[in-house]
Student: 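Take a look at the following structure, please.
Any value given below was found using the heavy atoms of this structure, including those in side chains, with hydrogens, waters and symmetry copies removed. This structure is a prediction, so every number in the text was calculated from the model and none was measured. For reference, positions follow the sequence shown, starting with 1.
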Amino acid sequence: MGPLVDLSPPPTLADLLTNSLVLRQTAPYLPVASIYALAATSKALHHIVHHSPDVFRYLDLSIVRSAILPYEPLDSGGISWRAERMDESLTEDEFYSGPLRGIFHKLQRRQILQNVQTLVLDGLSVPADLVREIIAEDRFNVRILSIRETKHLNERKLQQVLRYAVRPSRPAGTPKIKGIYFFGKRDHAPAPVEESPKRKNSRSSSPKGVMSSQGAQIGAEWNQKSSEALNAALARTSDQWYQCSGRMIPKRVSPEWAETLKACEGIIAFDAVLCRGPRHDPSRAFISTSDSEASGLPHPASYLSPAVATVALGPHGCEECKSCPESPAVFGQSPSSQLPLLSPIPLHSSSLRAAQIPHTIDGSNSPPLFVRCENCLKGRWCERCHKWWDEDCYTVSAVAQRTELQQTEYMENATTDGIAPSKQSIKVHMGLCVNSCLVGEMMAGAGSNGMWG
C-alpha cells in the first residue's frame with residue numbers, strides 16, 4: 001500500500017486573510033482603492049474587508065483621490081458636503097473639510113471608522129475644526145494622527161484645540177489620541193522613473209548646463225546617498241533625529257507652539273520636542289550682568305523662554321565632553337515627552353512606543369538623543385560639520401552674540417592688528433567652526449575678491 005496523498009485543496013487567499021496576524025501585516029501596504037477592489041472579487045473577501053477590525057486600522061487618505069479638495073466642480077465631494085454647500089451658513093472650515101467629512105461619513109455608515117487607529121492626512125485640506133472632531137468625538141478612535149504639510153489649517157486655532165483637549169478638567173480617559181505628526185515633512189513614495197521617447201530630440205529637450213546633465217544628477221544623487229549612509233552608520237540608526245541632520249523642521253516654529261507642547265507633555269506626543277538647554281531653566285540661566293548691559297548685548301547665558309528643538313546634533317554630544325548639561329534623552333530611560341515621533345509612521349502598530357523607538361542598524365541599544373533650539377546653539381554649532389560645544393565646555397563671548405557683519409569686522413581687525421583670536425574666545429564664526437570648516441572656506445575663497453582675498 002502506497003503512501004497517503006493529501007487531496008485537500010491548497011489554502012485560498014481568503015483562508016490566509018482570515019488569519020488576523022497575516023491580515024494585520026498585509027493590509028497597511030494596500031491602498032484603499034486596492035482594498036475595495038479586493039473586496040469586490042468574492043463574498044468571502046468582501047466579508048473580511050468589511051467586518052475585520054484589522055483592515056482599516058492603518059488608514060492613509062493622503063493618496064485617495066476623493067480626499068483631495070476639488071475646485072471644479074465644487075460639489076464633487078461626499079453626500080453630506082453636497083448638501084451643506086447649498087446652505088448659506090456654510091463656514092470656510094466646513095467647505096475645506098468637505099471631502100474628508102464625506103469619506104468619514106461613509107466609513108461611519110459602514111461601521112469602519114471606529115476601527116481606524118492610525119490616520120494619515122498629509123497634504124490634504126484639514127481645517128482645525130476637523131482635527132477637533134477627530135480628537136474629541138466618540139466616533140473616532142484615532143491614536144496616531146499625521147497632519148503634515150496640510151492645507152487650510154489655522155495653527156492658532158489648532159493650538160487652542162490641543163490645549164482644550166489636555167485641560168486639567170477633561171474627562172477621564174481623554175483624549176484618546178497619543179501622538180500627532182505635524183512639524184516634519186510628509187513621507188513621499190519614490191517617484192517612478194519615466195523614460196523619454198527614443199525618437200525625441202534629446203538635444204533640444206534636455207536642460208542646459210553641466211549640473212543638469214544626467215551624469216551630474218546621478219553623481220549628486222549618489223553623493224546624497226553616501227552622506228545619508230555615513231550618517232546612519234555613525235549614529236547606528238536610520239532615524240534622522242538621532243543623526244547629525246542639522247535643521248529638522250523646515251518652517252519657523254512660533255513660540256506659541258512651545259507653550260502648547262509644554263501643556264501636552266505626558267499626554268500627547270509630537271514629531272518634535274522642547275529644547276532642554278540650561279538657558280531654558282530659570283534656576284540655571286543668568287538674567288543679566290553689568291558687562292552685557294554696558295555693551296548693549298544680551299548675556300550669552302541669559303534666560304530663554306520655552307522653545308521647540310529644531311536641530312538634530314547627532315549621537316556624540318558636545319565636541320569636548322561628549323555629553324551636555326541637560327543630559328541626552330535615551331529611549332526606554334527618559335520620559336516619552338523628551339522623545340519625538342519618528343518617520344516613517346509605523347504601519348503595524350498604533351502605540352506611542354512604536355512611533356518613538358529608534359531602530360538601530362546593528363541591533364544594539366538605542367543611541368542618545370541630542371537636540372537643541374537654534375538660540376541655544378548660537379555661536380556653538382557648526383552648520384557644516386555639525387560639531388558643537390555646550391555651556392560647560394565653552395563660554396561664548398560677547399563677540400559671538402553679535403551679527404555676522406560685526407563678527408567679520410572683529411576678525412579682520414584682530415588679524416590686521418596681529419592679534420589672533422584664541423580658541424576659547426571664538427570656536428564658531430558665521431556658522432562655521434574656526435579650526436576646520438572656516439579654514440576650508442578661507443582656502444576656497446583664496447584669490448577671490450571676497451573678504452579673505
Side-chain angles (χ1 to χ4, degrees), residues 183-185 223-250 253 269-280 307-344 355-394 396 400 423 427-441:
F183 297 97
K185 296 180 180 180
N223 288 338
Q224 177 68 21
K225 290 182 178 180
S226 300
S227 177
E228 293 175 356
L230 178 61
N231 287 336
L234 293 176
R236 296 181 291 106
T237 176
S238 58
D239 298 308
Q240 292 189 353
W241 273 107
Y242 289 83
Q243 300 177 11
C244 298
S245 305
R247 294 180 177 88
M248 289 291 297
I249 302 178
V253 182
F270 295 84
D271 54 340
V273 292
L274 291 174
C275 178
R276 298 185 296 112
R279 294 184 62 184
H280 297 288
V308 176
T310 59
V311 181
L313 299 168
H316 304 298
C318 166
E319 188 67 14
E320 298 290 340
C321 66
K322 308 304 179 183
S323 185
C324 61
E326 66 271 23
S327 296
V330 179
F331 180 82
Q333 302 177 16
S334 304
S336 61
S337 58
Q338 298 179 6
L339 303 169
L341 304 179
L342 304 177
S343 295
Q356 290 183 332
I357 182 172
H359 301 283
T360 56
I361 298 175
D362 54 2
S364 58
N365 295 332
S366 300
L369 176 69
F370 292 90
V371 291
R372 287 276 186 104
C373 68
E374 292 198 39
N375 283 333
C376 279
L377 293 173
K378 190 173 183 180
R380 302 181 176 279
W381 169 54
C382 178
E383 300 181 21
R384 176 174 295 179
C385 68
H386 303 297
K387 293 179 182 177
W388 69 287
W389 293 262
D390 64 20
E391 291 77 4
D392 293 338
C393 299
Y394 173 42
V396 178
K423 294 181 180 180
K427 288 186 178 293
V428 177
H429 174 62
M430 296 179 61
L432 299 175
C433 57
V434 174
N435 290 342
S436 179
C437 295
L438 184 61
V439 175
E441 188 73 15

Student: Are E319 and K427 close enough for a salt bridge, meaning some N to O gap below 4.0 Å?
Tutor: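 Not counted as a salt bridge, because no side-chain N and carboxylate O are separated by less than 4.0 Å.
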Student: Could you tell me whether the side chain of D239 and the main chain of W241 form a donor-acceptor pair under 3.5 Å?
Tutor: no
Student: Does a side-chain heavy-atom distance below 4.5 Å link L339 with V273?
Tutor: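 No; the side chains remain at least 4.5 Å from each other.
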Student: If you measure from the Lys or Arg side-chain nitrogens to the Asp or Glu carboxylate oxygens, is any gap between R279 and E391 under 4.0 Å?
Tutor: no
Student: Is it the case that the side chain of Q356 and the backbone of S336 share a donor-acceptor pair, with hydrogens and angles ignored and the cut-off at 3.5 Å?
Tutor: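 At least one qualifying donor-acceptor pair exists.
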Student: Kindly give the heavy-atom pair with the smallest separation between F183 and A272, and that separation in Å.
Tutor: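 Nearest pair, atom of F183 first, then A272: CD1-CB, 3.6 Å.
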Student: Do F270 and P340 make a side-chain contact, defined as non-hydrogen atoms from C-beta onward lying under 4.5 Å apart?
Tutor: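 Sidechains of P340 and F270: no contact.
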Student: How long is the straight-line distance from CG of L313 back to SG of C376, given to the nearest 0.5 Å?
Tutor: 10.5 Å
Student: Given the rule in the side chain to side chain contact (heavy atoms under 4.5 Å, CB included) test, do E383 and C437 qualify, once you have shown the distances and angles that lead to the verdict?
Tutor: CA-CA 9 Å; E383 300 181 21; C437 295; over 6 Å; no
Student: Is the shortest heavy-atom distance from the side chain of Y242 to the side chain of L342 under 4.5 Å?
Tutor: yes
Student: Indicate yes or no for a side-chain donor-acceptor contact from S245 to the backbone of Q240 under 3.5 Å, with no hydrogens or angles considered.
Tutor: yes
Student: Where do V330 and S366 come nearest, in terms of heavy atoms and distance?
Tutor: CG1-O, 4.3 Å
Student: Between W381 and H386, how do the two ring planes meet: parallel, tilted or perpendicular, split at 30° and 60°?
Tutor: parallel
Student: If we only count heavy atoms from C-beta on, is the V371 to V311 side-chain gap below 4.5 Å?
Tutor: no
Student: Would you indicate whether the side-chain heavy atoms of V428 and L377 approach each other to under 4.5 Å?
Tutor: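 Counting from C-beta outward, L377 and V428 never come under 4.5 Å.
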Student: Has D271 got a side-chain atom pairing as donor or acceptor with G184's backbone, closer than 3.5 angstrom?
Tutor: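 Pair found, side chain donor or acceptor close to backbone of G184.
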Student: Is there side-chain contact between T310 and M248, with heavy atoms separated by less than 4.5 Å?
Tutor: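 Contact flag for T310/M248 side chains = no.
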Student: Do E326 and R372 sit within salt-bridge range, that is, some charged N less than 4.0 Å from a carboxylate O?
Tutor: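 Counted as a salt bridge, because a side-chain N and a carboxylate O are separated by less than 4.0 Å.
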Student: Could you measure the distance from the CG atom of L369 to the CD atom of Q243? Nearest 0.5 Å is fine.
Tutor: 12.0 Å
Student: Find the distance between SG (C385) and CG (N435) and round it off to the nearest 0.5 Å.
Tutor: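 That separation rounds to 10.0 Å.
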Student: Using modelled atom types only, decide if a donor and an acceptor are shared between the side chain of R276 and the backbone of Q338 within a distance under 3.5 Å.
Tutor: no
Student: Calculate, to the nearest 0.5 Å, the distance between atoms SG and CZ belonging to C244 and R384 respectively.
Tutor: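 Those atoms lie 15.5 Å apart.
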Student: Check the pair V308 / I249 against side chain to side chain contact (heavy atoms under 4.5 Å, CB included), numbers first and verdict last.
Tutor: CA-CA 10 Å; V308 176; I249 302 178; 4.0 Å; yes
Student: How about P328 and S323: do any of their side-chain heavy atoms sit closer than 4.5 Å?
Tutor: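 They are in side-chain contact.
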Student: Indicate the atoms forming the closest heavy-atom contact of L341 with A269, along with that distance.
Tutor: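 What the structure gives for the nearest pair is CD1-O, 3.8 Å.
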Student: Return the minimal non-hydrogen interatomic distance between C275 and C373, and the atom names on each side.
Tutor: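 Closest pair (atom of C275, atom of C373, distance): SG-N, 3.3 Å.
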Student: With side chain to side chain contact (heavy atoms under 4.5 Å, CB included) as the test, pick out the partner of E320 among W389, W388, Y394.
Tutor: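 The residue from W389, W388, Y394 that satisfies side chain to side chain contact (heavy atoms under 4.5 Å, CB included) with E320 turns out to be W389.
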